Enquirer: 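Quick one: structure below, then a few questions.
Throughout, a chain's letter reflects where its sequence line sits, starting with A, and its residues are numbered from 1. Since this is a predicted model, take the numbers as computed values, not measurements. The figures that follow rest on heavy atoms only: side chains count, while hydrogens, waters and symmetry mates do not.
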Number of protein chains: 2
Amino acid sequence: MNIYDISNKTGVSIATVSRVINGSSNVSDKTRAKVLAAIEELGYTPNVFARGLGLNTMKTIGIMCADCSDPYLARAVYYIEQELRKNSYDSLLSCTGYDHDDKEKCMTMLLSKRVDAVILVGSNYIEASEDLNKYILNAAKTVPVMFVNGELNAPNVYSTLCDDAAAIYEVTRNFIKHGKKNLVYLYNSLSYSGTRKLTGFRNALKDSGIPVQENHICLIDSHGITVQDAKEAITSLAKKGIEFDGVITSDDILAVGVLKYAKDAGISIPDDLFVAGYNNFDISECCEPELTSVDNKLESLCRHCVSTLMSVFADDKSVPKKTVFSAEIIERKTTSLTILQ
Amino acid sequence: MNIYDISNKTGVSIATVSRVINGSSNVSDKTRAKVLAAIEELGYTPNVFARGLGLNTMKTIGIMCADCSDPYLARAVYYIEQELRKNSYDSLLSCTGYDHDDKEKCMTMLLSKRVDAVILVGSNYIEASEDLNKYILNAAKTVPVMFVNGELNAPNVYSTLCDDAAAIYEVTRNFIKHGKKNLVYLYNSLSYSGTRKLTGFRNALKDSGIPVQENHICLIDSHGITVQDAKEAITSLAKKGIEFDGVITSDDILAVGVLKYAKDAGISIPDDLFVAGYNNFDISECCEPELTSVDNKLESLCRHCVSTLMSVFADDKSVPKKTVFSAEIIERKTTSLTILQ
DNA sequence: TTGTGAATTGTAAATGCTTACACCTCAGAT
DNA sequence: ATCTGAGGTGTAAGCATTTACAATTCACAA
């Protein structure tokens, strides 16, 4: 079943059939109707391969994320996929894992499938060294590369991100404003965003005239984010005799670990301890007490990323290389920040 | 950059280059090495479109799931994608939503991209009427269709699922064994699995000689699963004067709603009320008290589905049309089922 | 009637690969 | 010296589209 069958059935040439399929205007209404009827009747679908061969595009975008079982990344993938579909693009998904070589392999695979662009979801695609970014710069020579919640300044690379540092700065300032002086920052090494947020934490302390105590900054070095790891980390901190009246975390899961610790230790939240999470997902509503968190506007980020990409495809020269959104603090029961700004 | 460039560079014909690329054995070692070197040097990648045009396959599998921001489905997608990649297949993801027409459209789209198979993830692809399944049967005429956590008996359709009804049966029997007689079953209408589980609940009561009270079976009819909906549902049940000492739910999120209700109502868990969730995800560990849940072996399901698909591709005639896994009850703090079987 | 040009349609080349078939080479058997 | 066949390689025919360009039609003006 191909374009020739339609051509035979209708008596017009394949070129005209092709023109009808592609909505070209140079076809008489009569012919168009006849062809459309034949296509409908025979249930014909154009062959994407042949089409791709000529046009060198299949209207498919590669999405890379480290692990789409992570609720944050899963939501991002969801929003992006939805938005792409609206623009009649499909999504070739690649869960790369956190290993650099695997990321590179996945990129190669996506490019070999001739995707029209690549979207990198999550801050873990920001590498420390220039060298590790090479494969991304290389990809950008072929197709546009979009970062969601990440950033890279290079030709043909566009970034959409949330100012996480500013959000954590705000949270920290608010904690301090409410009398919390002994703050702990808890983050993990999976993605770069924990580090980005840390600068917000540091700056807030600095601007409040409070010295940063390095032993109050706690990095959890693990291959996944777990409640248990966070609980153990904060418990061992307490055991070392480090006192604190506020814990700010880079992820809701970590914050839940802190809540578990507090419950075991008989610490009352928010009276004796403020706790703030990040991401504002299901669990922040499920835990007890319900968790103050930060909504980092993931949906907006994703929508904006896709619409930027469409502008790039449309060859719109005024496309911003980088767009930054502001996060929003969602107060629940683990803090009492009555005069939130 | 195409196969002719490699041909020119090496002096061998494009046929030989093709043979090297495809690992054909009829090439001398010397020629192979020469071609491989040229490919490496020029950074050549075969064009998938041209290849697909000839072979009519692109080694790509379509994955349909209603909503990959749902943690359950996201995890499934993750496992499937991983497993497919191991078998050198890529994943074209389509988040279809819960609307029937949209599902059909997405299927059409996937088929038009000439995927080699379609995997339907989640029990919401089981439709009440035969008529609604037509698009699936149609797809199965072209490519194998795989159900994960769903079931359809038709040619070229393969199902992998977990015996959710049996798991809920077990949970219910255990509740009863521990003296809980007034049980409520809480489920939602999003997917068919809630209904499947309900039969397990009914059977357990029946087999225990306890009459099923229809007003103890509570269906939440909403477009998403939320803690708040569940909390309201169970609260209104209590307000109606319905007494209960155990709540069994079709999803962890719903169970958290019950926990919230109990906390507000001053009901002690598990002393006065047993609660069980389903899916055994993050939140079951995050809530307070930690939730007894059911692990429905999602990873095993997904792995099995992909390996079945590979057998189908290999034309293995002994592939089972349907495989059923057993779930496992994970006891935490919302029950005290000390003599769990 | 004939010419003009716009609208419509057809022809054929191009896209990059796989593979059936034909051909060549050369070691070893006769 | 000639034959045989296996192993290696090349030629060319698909595969299903798109599209530049050529050709045709036809309304309308001269």
Side-chain angles (χ1 to χ4, degrees), chain A residues 1-39 42-60 88 90 109 111-116 142-143 313, chain B residues 1-39 42-60 88 90 109 111-116 142-143 313:
Chain A
M1 165 69 58
N2 55 29
I3 203 167
Y4 287 93
D5 295 320
I6 305 296
S7 166
N8 287 334
K9 172 104 185 169
T10 55
V12 304
S13 73
I14 59 161
T16 301
V17 176
S18 174
R19 276 186 277 258
V20 170
I21 293 167
N22 294 288
S24 162
S25 57
N26 297 329
V27 183
S28 73
D29 289 347
K30 212 166 69 178
T31 308
R32 182 188 311 282
K34 193 164 56 174
V35 170
L36 250 21
I39 287 176
L42 299 181
Y44 162 77
T45 334
N47 182 306
V48 276
F49 299 133
R51 205 172 216 172
L53 191 53
L55 305 175
N56 206 33
T57 163
M58 210 174 66
K59 291 270 233 174
T60 301
S88 33
D90 290 314
M109 182 280 296
L111 293 180
S112 83
K113 291 257 161 135
R114 298 291 203 270
V115 292
D116 300 315
T142 315
V143 294
F313 284 152
Chain B
M1 163 71 60
N2 56 27
I3 203 168
Y4 288 93
D5 295 321
I6 305 295
S7 167
N8 287 336
K9 172 104 185 171
T10 54
V12 304
S13 74
I14 59 160
T16 300
V17 175
S18 175
R19 276 187 276 258
V20 170
I21 293 167
N22 293 288
S24 163
S25 56
N26 298 328
V27 183
S28 72
D29 289 348
K30 211 166 73 181
T31 308
R32 181 187 312 282
K34 193 164 57 176
V35 170
L36 251 21
I39 289 176
L42 298 181
Y44 162 75
T45 334
N47 182 306
V48 276
F49 299 132
R51 206 172 215 172
L53 192 53
L55 304 177
N56 206 35
T57 163
M58 211 174 65
K59 290 273 235 173
T60 301
S88 31
D90 289 314
M109 181 280 295
L111 293 180
S112 82
K113 291 258 161 132
R114 297 291 203 273
V115 292
D116 300 314
T142 316
V143 293
F313 285 152

Enquirer: Give the nucleotide from the list D:dT18, C:dT9, D:dT19 with an atom nearest to the side chain of A:Thr31.
Expert: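 Nearest to the side chain of A:Thr31 among the choices is C:dT9.
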Enquirer: Would you classify A:Ser7 as touching base, sugar-phosphate or nothing, given that sugar-phosphate means primed atoms plus P, OP1 and OP2, and contacts are heavy atoms under 4.0 Å?
Expert: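 No contact.
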Enquirer: Closest to the B:Ile3 side chain: C:dC17, D:dA16, D:dT18?
Expert: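 Among C:dC17, D:dA16, D:dT18, the one nearest the side chain of B:Ile3 is C:dC17.
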Enquirer: Check whether A:Ser7 reaches the backbone of A:Ile3 with its side chain - one donor and one acceptor, N or O, closer than 3.5 Å.
Expert: no
Enquirer: Would you indicate which nucleotide in C:dT8, D:dT19, C:dT18 comes nearest to any side-chain atom of B:Asn22?
Expert: C:dT18
Enquirer: Give a yes or no answer on whether the side chain of B:Asp5 reaches the backbone of B:Asn2 with a donor-acceptor pair at less than 3.5 Å.
Expert: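 Pair found, side chain donor or acceptor close to backbone of B:Asn2.
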Enquirer: Rounded off to whole Å, could you give me the CE-to-P distance for the A:Met58 and C:dG16 pair?
Expert: 17 Å
Enquirer: Can you list the residues that meet the salt bridge (charged side-chain N to carboxylate O under 4.0 Å, His left out) rule with B:Lys9, with sequence neighbours excluded?
Expert: B:Glu41
Enquirer: Distance check: side-chain N/O of A:Asn47 vs OP1/OP2 of D:dA16, anything under 4.0 Å?
Expert: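 So the side chain of A:Asn47 is outside the cut-off, no N or O lying under 4.0 Å from OP1 or OP2 of D:dA16.
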Enquirer: Does a distance-only test, which skips hydrogens and angles, find a donor-acceptor pair under 3.5 Å between the side chain of B:Arg19 and the base of D:dG10?
Expert: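 Side chain to base: pair found, below 3.5 Å.
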Enquirer: Out of C:dG10, D:dT9, D:dT19, which has the shortest distance to the side chain of B:Thr16?
Expert: D:dT9
Enquirer: Please confirm whether the shortest side-chain N or O distance from A:Arg51 to OP1 or OP2 of D:dT18 is below 4.0 Å.
Expert: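 Answer is yes, contact under 4.0 Å.
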Enquirer: What's the CG-P distance between B:Asn56 and C:dG16, to the nearest Å?
Expert: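 My rounded result for the distance is 19 Å.
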Enquirer: From the set C:dC17, C:dT9, D:dG8, return the single nucleotide nearest to any side-chain atom of B:Ser28.
Expert: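 Looking only at heavy atoms from C-beta outward on B:Ser28, the closest nucleotide is D:dG8.
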Enquirer: Figure out the CD1/P separation between B:Ile14 and C:dT18, and round it to whole Å.
Expert: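 Checked: the CD1 to P distance equals 9 Å.
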Enquirer: For A:Leu55 and C:dT15, what is the distance between atoms CG and P respectively, to the nearest whole Å?
Expert: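 Checked: the CG to P distance equals 13 Å.
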Enquirer: Take the protein atom CG of A:Asp5 and the nucleotide atom P of D:dC15, then report the distance between them rounded to whole Å.
Expert: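 Atom CG in A:Asp5 sits about 12 Å away from atom P in D:dC15.
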Enquirer: Any sub-3.5 Å donor-acceptor pair from A:Asn22's side-chain atoms to A:Ser24's backbone N or O?
Expert: no
Enquirer: For the residue pair B:Thr60 and B:Lys113, confirm or rule out a side-chain donor-acceptor distance under 3.5 Å.
Expert: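 No - no donor-acceptor pair under 3.5 Å links their side chains.
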Enquirer: Using whole Å, what does the distance between atom C1' of nucleotide C:dT19 and atom CG of B:Asn26 come to?
Expert: 12 Å
Enquirer: Could you walk me through whether A:Val35 and A:Val12 pass side-chain contact (heavy atoms from CB on, under 4.5 Å), step by step?
Expert: CA-CA 8 Å; A:Val35 170; A:Val12 304; 3.9 Å; yes
Enquirer: Scan B:Val27 against the nucleic acid and name what it touches under 4.0 Å (heavy atoms): base, sugar-phosphate only, or nothing.
Expert: sugar-phosphate
Enquirer: Between C1' on D:dA16 and CG on A:Asn8, what's the gap in Å once rounded to a whole number?
Expert: 14 Å
Enquirer: Between A:Tyr4 and A:Gly11, which residue's closest nucleotide on DNA chain C lies nearer the 5′ terminus?
Expert: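 Nearer the 5' end of the strand: A:Gly11.
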Enquirer: What's the closest nucleotide to the side chain of B:Leu53 if the choices are D:dT11, C:dT9, C:dG16?
Expert: C:dG16
Enquirer: Within the 4.0 Å heavy-atom criterion, would you say A:Phe49 contacts the bases, only the backbone, or no part of the nucleic acid?
Expert: nothing
Enquirer: Taking atom C1' of C:dG16 as reference, at what distance in whole Å does atom CD1 of B:Ile6 sit?
Expert: 13 Å
Enquirer: Tell me which nucleotide among D:dT17, D:dT11, C:dC17 gets nearest to the side chain of B:Tyr44.
Expert: C:dC17
Enquirer: The side chain of B:Ser13 is closest to which nucleotide in this list: D:dA16, D:dT11, C:dT9?
Expert: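 Shortest atom-to-atom distance from the side chain points to D:dT11.
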